[in-house]
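Please read the structure below before turning to the comments.
Within every chain, numbering begins at 1; the chains are lettered A, B, ... in the order of the sequence lines, protein sequences first and strands thereafter.
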There are 2 protein chains.
Amino acid sequence: MVLLGENRHTENTMPTIDDVAKLANVSRATVSRVLTGTRGVRDDSREAVLKAVEVLDYRPSFAAQTLASNTSGYIGMVLPAHEASFSATLLPRLSLAVKALNKSLLIQYVNDENEQKAAIHSLHHQCAAVVTLSHASSDMPANVIAFDAFSTKGSANQGYNYAFAAESACRYVLGKGHRNIALLVDNEDDVASKQMLEGYRSVLQNYSLPFNRQLLVMANNNIEQALLKLINSFTKYTAIIAKRDSYAAEAMRLLREFNIAVPQEVSIVSLEDSPLAALLYPPLTCIAYPVDQLLEQCIQRIQSLIDGHPVFVEEGKSITGRLVARASVTDINAM
Amino acid sequence: MVLLGENRHTENTMPTIDDVAKLANVSRATVSRVLTGTRGVRDDSREAVLKAVEVLDYRPSFAAQTLASNTSGYIGMVLPAHEASFSATLLPRLSLAVKALNKSLLIQYVNDENEQKAAIHSLHHQCAAVVTLSHASSDMPANVIAFDAFSTKGSANQGYNYAFAAESACRYVLGKGHRNIALLVDNEDDVASKQMLEGYRSVLQNYSLPFNRQLLVMANNNIEQALLKLINSFTKYTAIIAKRDSYAAEAMRLLREFNIAVPQEVSIVSLEDSPLAALLYPPLTCIAYPVDQLLEQCIQRIQSLIDGHPVFVEEGKSITGRLVARASVTDINAM
DNA sequence: TTGTACGCGTTATCAG
DNA sequence: CTGATAACGCGTACAA
């Protein structure tokens, strides 16, 4: 038997600002000043302080800082647990940005919408800003940012529009001669999924094509089952538009098991374009989700939330996905 | 004495424990007691407090709590940015566990080992525990946990042993008749990669097979280039053992481009088994990285760090990966 | 330029 | 069981 974690004899004497002050022969205030860089400090004092900091390996306490300054040092982030793979691409960059702002990233994963609301509620007091995935309800506190929907009450159509992306995907496969297009979304309540459906239907209407409810498949946290239902139905489809790469990947896997060739018999487009997309076989055509631009906007928003500046949003600049053509779509006309 | 609350007219003020106390006609202390459940409180007082909390939508400030209680409410986590996809599988579960412990998860991504050290250093004072990926140096503070290597100085062989996993993978493909096995690792300095190499060499020795340096390929953050070098060399190999699923996936992609069939011409095994593994074509055989067990150990360790209990680790129970046989390995003998 | 004193929201301590 | 009061570590007017 091995004993781990007997830290009782190591008295956790974390050095305080007073220790530094004492060692540098100055007052607490001076130490604080050189660390925060607020006011001018005489050079020798500054050096003495810095040296003392070095010697003691002193780090100011985040907690005490936020408490004293009345301005939270935290940026909160609440994420759906099932979005883990996606949020992973966000996290490193957001973490970096947050560090640049001299703040700390506080993260909480949630399983459903209720937990999400609760988490946001419990966090938004403690944080300078809290960003969350998927559209926030309209009654959210002022300092919560919905990552993919920045729309403030005044300005509509900001943020990413899944309807537009779905439209692009539709038109793309339609241009390749496909007329029976299945749509792969999350579930009934998901706002993005609703938007996708909207764009999908609008394009169908434009092309005077009928809407077949059988071709609308909702993952509902069990993409395999949902896909099996589609495959087993005798509905005809030659193209699939998936909300996520993982859905597309699962579709590929299943189709392969049923000896349905991609893209010869069924073409697939995704609205994500994660690293996964290029690794699949065949490589996945995407309307790429514009993480970079969204991220930049998000960071700007955080910035503005921190220092009170109002957000500056260019009106015409809506964010749209880029088409990344790969091999998962075939041209029916050319066959 | 009754002080009328004239502080309510500023809209941005979040309710404090004093507000609750006033509304419930008790003292701060009582409020704190019912909220933390430390001491018994008369029923009517308790109810009054709870009601007041409800009315004001009061949430205790994390910062103030950690400051006052001298026991940090944070669990820190520092992660390599390039491990994003992997850490994503960890985060949700860890977040949940942390919530259960009534603590908050503080995350920081880093780009290299120096940043990692700095981050750990800056965090470990503020946090009850900080967990990090990849092996921590031996001189780490007592409250940092290396997720995949729990070994304290005294006890060897705790945590996950990549050498053992690599051995398993080797023996597996050797059993399938492969004799020329390439090894795909991160880089020279990575401890896990070193372990893999160790296991690899030991098995080779066991089978009296020569070690060919050409078959050792290091990704060095550019897996594609590294793989190309292997492919372009005229070294013979019929099997590849990859540290990560993404490496294996990239290998599959590249081999396909060069018209090398997997698994007919080259078999592949990975030491990870992420969701990606089953989605690839052909599905990827793995020595599965035991996230679940590691996670459980990690959480126990955090627990023990929090409440000072020393943790008991059963000596014989070393954590090993499970073989998940899929289609990416072929039996040469049977061909 | 520097130091003093106070406040931030909470928990711990001690007295009733 | 409850209530005052003292920490906790730090920022910051205000005074020197």
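A ring-centre distance under 6.0 Å is found for Y74(A) and Y74(B).
Distance E47(A) CD to dT2(C) P: 12 Å, rounded to the nearest Å. Following rounding to the nearest Å, N70(A) (CG) and dC6(C) (P) show an atom-to-atom distance of 18 Å. A straight line from CD1 of I17(A) to C1' of dG11(D) spans 8 Å, rounded to a whole angstrom. Distance L35(B) CG to dT11(C) P: 7 Å, rounded to the nearest Å. In this structure, CD of Q126(B) is placed 12 Å from C1' of dC10(D), rounded to the nearest angstrom. Look at CZ on R28(B): it is 14 Å from C1' on dT2(D), rounded to the nearest Å. Rounded to an integer number of Å, the gap from NZ of K22(A) to P of dG3(C) is 14 Å. When the C1' atom of dT10(C) is taken as reference, atom CZ of R59(B) falls 17 Å away, rounded to whole Å.
For dT2(D), the OP1/OP2 oxygens have no side-chain nitrogen or oxygen of S27(B) closer than 4.0 Å. Under 4.0 angstrom from either OP1 or OP2 of dC10(D) there lies no side-chain N or O belonging to Q65(A). Put simply, R42(B) has a side-chain N or O that comes within less than 4.0 Å of OP1 or OP2 on dT2(D). Here T30(B) reaches the OP1 or OP2 of dG3(D): one of its side-chain N or O atoms lies under 4.0 Å away. Listed pair S45(B) / dT2(D) meets the phosphate criterion, a side-chain N or O lying under 4.0 Å from OP1 or OP2. OP1 or OP2 of dG11(D) lies within a sub-4.0 Å distance of a side-chain N or O belonging to S32(A).
In this model, a side-chain donor or acceptor of R33(B) finds a partner on the base of dG3(D) within 3.5 Å.
For S95(B) (side chain) and Y109(A) (main-chain N/O), a donor-acceptor pair under 3.5 Å exists by modelled atom type.
The residue among D43(B) and A68(A) whose nearest nucleotide of DNA chain D is located toward the 5' end is D43(B).
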